[in-house]
Amino acid sequence: MDFEKLTAVMRRLSLEAGDRIMEIYDSPDFEVRSKSDDSPVTAADEAADAIISAGLRAAFPDVALVTEEQSKTHGETASTFLIVDPLDGTKEFIKRRGDFTVNIAYVVDGAPIRGVVYAPAKGRMFYTQADGTTVEELGPFDKDTVGEVEAISVSRPDNNALLVVASKSHRDQATDDYIDLYMVKDMKSAGSSLKFCLIATGEADLYPRLGRTMEWDTAAGHAVLNGAGGRVVRFDNHQPLQYGKDGFANPFFIAYSPDVDLLTS
């Protein structure tokens, strides 16, 4: 893989998709439908998916592509693949809360090694560079010219005063019970894959997810966090979260700065 090209393509496609998403987001009204699993989908999900999937297939025709909005791709069994969630946080989008993201990642042998997370309503973009390290681009988000970028890295947390981030739309008692095992200084909620990015920048130390997610929900954020020195492990055995699983469903997991002393429930 040409990682310089991959970084440029992922960045550009996320910006193009973000523009289209914001056009719909800023419109007076948009239709919300339900998919077969009862999750919501909007024209923004589908428009962003069309932009990203067409761009990736044109740039990397020999690499398998898995995308949330195209069920025919969910039977892929390749060990190396691109994986896309064109609009993660559809519920946040519908409620016009801004915590939604465009997500593109590249997986090799079970590990997401490159990725981009773009939050167009928040004006925040995070991505891995060609060398695998993660930066936050600070704007102005020109499609042809990279703006000012800032290297980011995870925190050196105080285990007696942890900063925890949890889901805004999928919080449950099991998650709260697990968080209660730790000494928490501050607790914040965030939607979509932004939670991974908050750990990558050191704005949070720990993100436990005791609920259903799919690989396209997590791969890009996982890659961004890896490139900033963070980790994502299975909740049950603290082994690295792997990708390319049958059906692309994730087990419960924990994303964190490596200096957090992980506890078991």
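We find that Arg234 and Asp236 are joined by a salt bridge, their nearest charged nitrogen and carboxylate oxygen being less than 4.0 Å apart.
Take Asp180 and apply the side chain to side chain donor-acceptor pair (under 3.5 Å) test, not counting sequence neighbours, and it matches no residue. Contacts of Val164 classified as side chain to side chain contact (heavy atoms under 4.5 Å, CB included), with partners at least two apart in sequence or in another chain: Leu162, Ile179, Val184, Met187, Leu206, Pro208. Every residue meeting the side chain to side chain donor-acceptor pair (under 3.5 Å) condition with Gln173, not counting sequence neighbours, appears here in chain and number order: Asp177. Legend: residues meeting side chain to side chain contact (heavy atoms under 4.5 Å, CB included) with Arg231, ordered by chain and number and at least two apart, are Tyr256, Pro258. Residues passing the side chain to side chain donor-acceptor pair (under 3.5 Å) test with Lys143, sequence neighbours excluded: Asp19.
Surrounding CG of Asn237 are more than 12 heavy atoms belonging to other residues, nucleotides or ligands, all under 6.0 Å away.
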Task: Residue pair Leu163, Lys188: steps toward the side-chain contact (heavy atoms from CB on, under 4.5 Å) verdict - done: CA-CA 8 Å; Leu163 307 176; Lys188 64 178 70 175; 6.0 Å; no
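Listed by chain and number, the hydrophobic cluster partners of Val232 are Val66, Phe81, Ile83, Val107, Val154, Val165, Phe196, Leu198, Ile199, Tyr207, Met214, Trp216, Leu225, Leu241, Tyr243, Phe248, Phe253, where partners are ILVMFWY side chains within reach of under 4.5 Å, directly or through others.
For an aromatic pair to be called close, the ring centres must be under 6.0 Å apart, and Tyr25 with Phe100 satisfies this.
Between the side chains of Glu136 and Thr201, no donor N or O sits under 3.5 Å from an acceptor N or O. Residues Thr218 and Thr213 bring no donor and acceptor atom of their side chains to less than 3.5 Å of each other. Neither side chain, Ser257 nor Asp259, offers a donor N or O lying under 3.5 Å from an acceptor on the other.
Heavy-atom minimum distance, Val84 versus Leu65: CG2-CD1, 3.9 Å.
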